[in-house]
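Counting from 1, the numbers follow the sequence of the chain as shown.
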Amino acid sequence: GNPSGAADRPFRGLLDDVRVFARALAADEVGFLAAGSPVTTVGEWGALNAVPTGDLTLDSDGDGIPLIFEYAFRLDPNEAEVIRLLPGQGTQGMPGATLMDTQPRRLAIEYVRRRHASDLIYAVDFGGDLATDWSILGQTETTLELDPEWERVHVEDGVSVEDSDWRFGRVRVDYVP
C-alpha cells in the first residue's frame, strides 16, 4: 500500500535504469548495481544479466556459446546471437581471424577484451598444427580502447604464412576465480 499521504505527492523525477531480476539480489549485488562500477568479476556480470554463473560451460540462451565466452567477448547471455568480431570494427563478438595483406603475410586475430576483469586471463596462441605446436612467441599486439570497460585487441602471428605449411590461431580464455 501507499504510505500515508503518498497519493497526494506524485513522483516528480526521471528513472534512468529499471531492471527486473528472476531472483532476489544479495546486498553486495545491489550495491554494485547502484555504484555503476565497471564489471570486474563474472559474479557481477551474472547479477547484471540475471544469469546463474555457477557453471560457466552452460549455454543459457541456446546460441551454442558458453557463458564464459559470453562474459569474455561482450555477448548477451539472454539473447541467442552469434556475432563474429570483424577486423577493425565492432565492439562485441567472438574472435575473428584474417590473413594480413602485408609482406610478409601473417595470420592475425582480433577480439574484444575486458579491461578490468580480475578473473579472466586472455591468451592468443599461434601454431603449425592443432595438437602440439602452440606458441605465443614473436607476436605483435596492439589495443584500441573502446570504452572504460572494453578494448579491441589485434594480435599478429610472429611467423609468416610463407614460412610454414599451416598456421592456426586461437584465443584462450582462462577463468581464475
Student: Kindly determine whether V159 and L107 satisfy side-chain contact (heavy atoms from CB on, under 4.5 Å), including the steps that lead there.
Tutor: CA-CA 8 Å; V159 176; L107 185 62; over 6 Å; no

Student: Let me see the working for D63 and E70 under side-chain contact (heavy atoms from CB on, under 4.5 Å), right down to the final yes or no.
Tutor: CA-CA 10 Å; D63 59 8; E70 302 254 8; 2.9 Å; yes

Student: Determine whether D61 and D76 make a side-chain contact, defined as any pair of heavy atoms from C-beta on separated by less than 4.5 Å.
Tutor: no

Student: Below 3.5 Å, can you tabulate the donor-acceptor pairs from side chains in residues 166-174 to any protein atom, sequence neighbours excluded?
Tutor:
unit_1: R167; atom_1: NE; unit_2: D157; atom_2: OD2; d: 2.7
unit_1: R167; atom_1: NH2; unit_2: D157; atom_2: OD1; d: 3.0
unit_1: R167; atom_1: NH2; unit_2: D157; atom_2: OD2; d: 2.9
unit_1: R170; atom_1: NE; unit_2: D125; atom_2: OD2; d: 2.9
unit_1: R170; atom_1: NH2; unit_2: D125; atom_2: OD2; d: 3.1
unit_1: R172; atom_1: NE; unit_2: D125; atom_2: OD2; d: 2.5
unit_1: R172; atom_1: NH1; unit_2: D174; atom_2: OD2; d: 3.3

Student: How is the hydrophobic cluster of I121 composed, in terms of its other members, when Ile, Leu, Val, Met, Phe, Trp and Tyr link through side-chain heavy atoms under 4.5 Å apart, directly or indirectly?
Tutor: V176

Student: Would you check if V124 and E141 make a side-chain contact, meaning some heavy-atom pair closer than 4.5 Å?
Tutor: no

Student: Please report the shortest heavy-atom distance between S135 and Q139, naming the atom on each side.
Tutor: O-NE2, 3.6 Å

Student: With sequence neighbours left out, what residues match Y71 under ring pair (Phe, Tyr, Trp, His ring centres under 6.0 Å)?
Tutor: W45

Student: Show me the pairs that pass ring-ring contact (aromatic ring centres under 6.0 Å, His included) and involve residues 117-144, at least two apart or across chains.
Tutor: Y111-Y122

Student: Test W150 against R113 for side-chain contact (heavy atoms from CB on, under 4.5 Å), laying out the working first.
Tutor: CA-CA 6 Å; W150 292 92; R113 173 170 66 194; 5.6 Å; no

Student: At their closest point, which heavy atom of T53 faces which heavy atom of G46, and how far apart are they?
Tutor: CG2-CA, 3.6 Å

Student: Indicate the atoms forming the closest heavy-atom contact of P104 with S160, along with that distance.
Tutor: CB-CB, 3.5 Å

Student: Which atoms form the tightest heavy-atom contact between H154 and A108, and what is the distance?
Tutor: CE1-CB, 3.7 Å

Student: Under 3.5 Å, is there a donor-acceptor pair between the side chain of R152 and the main chain of L146?
Tutor: no

Student: Would L75 and M94 count as a side-chain contact (heavy atoms from CB on, under 4.5 Å) if you check the C-alpha gap in whole Å, the side-chain angles of each, and the deciding distance to 0.1 Å?
Tutor: CA-CA 8 Å; L75 296 170; M94 296 299 288; 3.9 Å; yes

Student: Could you walk me through whether E162 and R105 pass the salt bridge (charged side-chain N to carboxylate O under 4.0 Å, His left out) test, one step at a time?
Tutor: CA-CA 7 Å; E162 287 87 3; R105 296 187 69 186; 5.0 Å; no

Student: Does the salt bridge (charged side-chain N to carboxylate O under 4.0 Å, His left out) test come out yes or no for E149 and R74, once each step is laid out?
Tutor: CA-CA 10 Å; E149 198 167 338; R74 201 180 202 169; over 6 Å; no

Student: Tell me whether T140 contacts the main-chain N or O of E156 through its side chain, where contact means a donor paired with an acceptor under 3.5 Å.
Tutor: no

Student: Supply the members, apart from V161, of the Ile/Leu/Val/Met/Phe/Trp/Tyr cluster built from side-chain contacts under 4.5 Å; use none for a lone residue.
Tutor: L99

Student: Main chain of T41, side chain of S118: is a donor-acceptor contact present, judged purely on distance under 3.5 Å?
Tutor: no

Student: According to the side chain to side chain donor-acceptor pair (under 3.5 Å) rule, which pairs have a member within residues 84-103, sequence neighbours left out?
Tutor: none

Student: Taking all heavy atoms of D133 and all of G128, pick out the closest pair and write down the distance.
Tutor: OD2-N, 2.9 Å

Student: Between CG of L67 and OG1 of T57, what distance do you get to the nearest 0.5 Å?
Tutor: 8.0 Å

